[in-house]
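Both counts, for ligands and for their atoms, begin at 1 and track the order of listing. Everything numeric in this text was worked out from a predicted model, so none of it was measured.
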Amino acid sequence: MKISVIGCGYLGVVHATCMTELGHDVVGIDVDPEKIALLAAGTPPFYEPHLPQMLSRALATGRLTFSTDISVVVGSNVHFVAVGTPQMVGSDAVDLRFVNGAVASLLPHLRAGDLVVGKSTVPVGTAQGLSRIIQQKGSGATLAWNPEFLREGFAVKDTLAPDRLVYGLAEGDDTGEAILDEVYARAIAIGTPKVVTNFATAELVKVAANAFLATKISFINAMAEVAEATGADVTQLADAIGHDVRIGRRFLNAGLGFGGGCLPKDIRGFMARAKELGVDQALTFLGEVDQINNRRRERMVDLAREIVGGSLEGKRIAVLGLAFKPDSDDVRDSPALDVALRLVESGAAVIATDPQAVATARRRYPDMTYVTTPDEAAKDADAVLLLTEWQEYRALDPLAFGEIVGTKAILDGRNCLDPGAWRAAGWTYRALGRP
Ligand code: UDX
């Protein structure tokens with residue numbers, strides 16, 4: 001099929017590349033010429049495992065091109081809208097500027113039979129409005145909403161082999177499903193579950209899934225608060241309740257909580273939309289979910305203060321991890337970066353490192369001290385804070401690492417180390433929700 005992808009951010013680049021891998025002819029469009037030049041040269045503008053290789057392969061086929069010129073979408077029959085929907089400045093609501101702009105720029109180029117496919121995460125009700133705008137233009141093109149569930153770090157796998165497909169279609173649309181089935185033919189062939197529904201349900205599936213995941217994480221972090229007050233161990237608690245198949249162990253890792261470009265802004269946008277719809281009471285609990293999540297960051301700074309003897313002023317703190325999660329260079333709403341900055345504000349001398357996110361963190365906060373390796377960060381440190389559970393940090397040898405630091409004190413912000421091994425090597429080990 002001939003496909004265009006509007007928006008070459010995280011979602012768009014992965015989608016365009018994977019669609020080429022699936023055999024389609026794809027053009028990726030973005031308003032940022034620098035990004036387009038990088039992509040055309042085979043360099044993704046962010047870190048994502050397996051993507052550079054796949055992008056090079058896709059470009060080599062000649063079936064993937066990039067452009068800043070929206071008119072090159074002519075000739076494509078399916079137009080994916082994959083632009084960002086950030087949180088509005090000064091409000092919890094979603095900023096739809098880019099989605100509206102993308103659809104407006106597509107309008108003059110749409111032809112009869114074309115399908116515009118929304119992938120961006122939008123407030124419920126958006127697709128209905130956009131569908132009307134497309135209809136009014138009278139080109140004969142139609143709209144479908146097909147939310148994306150990819151996780152950073154697993155984006156390629158999640159796009160090529162999604163765990164489900166959701167198609168939101170207009171009432172009476174009998175061609176949208178067949179077109180999307182052709183786009184996703186490989187996933188359909190292996191029996192990927194498919195839910196065909198209306199626009200509102202498709203839009204809600206995405207925010208409901210993220211709200212559920214955020215709630216699961218904040219639930220276990222709330223249990224961590226109780227565990228801290230009682231001497232219980234939240235990781236054992238999670239293991240034990242996770243054996244109940246109705247609960248499940250995944251997304252029950254207590255620690256610094258969630259961040260990134262999706263979960264935090266999606267739950268806030270969901271609450272803002274519910275308020276507009278007059279059903280805000282249904283989602284007030286998400287405000288608690290957000291607050292529990294933010295409290296973990298404060299608690300981490302308090303623990304750091306405790307472990308260095310009561311004041312952070314002038315203390316040398318090694319920060320391991322800046323990305324919001326491992327296998328990503330994304331520092332948007334990153335709990336790790338947030339804690340590092342709070343430590344700086346409290347007067348600590350922070351030496352921070354991350355295998356991939358130093359450049360992205362430095363772009364936002366040039367004044368913090370960044371180094372390349374954990375050993376450099378930990379040299380003569382008064383305390384070490386592990387804030388993102390990269391594999392190379394999980395694998396640190398407490399004996400060898402103990403030779404580098406000034407004081408053997410470690411805070412495990414992700415409950416990913418073996419407390420016994422670290423304590424046996426002479427470290428003071430503290431974690432969130434563990435005795
Ligand atoms: C999320 C959704 O999972 C994905 O389906 C959606 O499309 C986009 O948003 P992502 O932002 O890549 O994906 O991250 P995810 O793996 O969901 O993790 C989100 C945050 O929760 C991270 O900060 C992670 O560290 C944290 N987390 C996750 C926990 O604190 N505990 C857990 O048990 C799991």
Any atoms of ligand 1 less than 4.0 Å from a non-hydrogen atom of [X]? List them with their elements.
X	result
E148	7 (O)
R151	3 (O), 12 (O), 13 (O)
L213	3 (O)
L252	33 (O)
K325	10 (P), 12 (O), 14 (O), 15 (P), 16 (O), 25 (O)
R414	25 (O), 30 (O)

Ligand 1 to F149 polar contact by distance, N or O atoms, under 3.5 Å: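 So ligand 1 has an N or O lying under 3.5 Å from an N or O of F149.
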Backbone or side-chain N or O of P335 under 3.5 Å from ligand 1 N or O: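 N/O-N/O distance under 3.5 Å: no.
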cation_pi(R332, F324) dist<6.0 Å, angle<=45: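 Judged by the rule (NZ or CZ under 6.0 Å from the ring centre, within 45° of its axis), R332 is not positioned above F324.
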Over-ring placement of R273 relative to F270, 6.0 Å and 45° cut-offs: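 The answer is no, since R273 fails at least one limit relative to F270.
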Which residue holds the protein heavy atom closest to [atom], what is that atom called, and what is the gap in Å?
atom	answer
atom 12 (O) of ligand 1	E152 N, 2.7 Å
atom 33 (O) of ligand 1	N253 N, 2.8 Å
atom 17 (O) of ligand 1	F251 CZ, 3.3 Å
atom 1 (C) of ligand 1	L263 CD1, 3.7 Å
atom 20 (C) of ligand 1	F258 CB, 3.5 Å
atom 6 (C) of ligand 1	L150 O, 3.5 Å

Heavy-atom check, side chain of V196 versus side chain of L169, under 4.5 Å: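 Yes; the side chains approach each other to less than 4.5 Å.
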Minimum side-chain heavy-atom gap T353-V319 below 4.5 Å: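 No; the side chains remain at least 4.5 Å from each other.
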Sub-4.0 Å heavy-atom approach of G255 to ligand 1: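 Outside the 4.0 Å threshold, so no.
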Contact with ligand 1 for C262, non-hydrogen, under 4.0 angstrom: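 Yes, C262 has a heavy atom closer than 4.0 Å to ligand 1.
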Do [Y] and [X] meet the salt-bridge criterion of a basic N to acidic O distance under 4.0 Å?
X	Y	answer
D382	K408	no
D338	R342	yes
E152	K325	no

Selection from N210, I217, L387 by shortest heavy-atom distance to atom 27 (N) of ligand 1: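 Considering heavy atoms of N210, I217, L387, the nearest to atom 27 (N) of ligand 1 sits in I217.
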Polar side chain donor-acceptor pair, [X] to [Y], under 3.5 angstrom:
X	Y	answer
N221	S218	no
T373	E376	yes
T85	K265	yes

Closest heavy-atom pair and its distance - K35, C8: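 Heavy atoms of K35 and C8 come nearest at CD-O, 3.1 Å.
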Location of contacts on K206 toward ligand 1, heavy atoms closer than 4.0 Å: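 Within the 4.0 Å criterion, K206 contacts ligand 1 through side-chain atoms alone.
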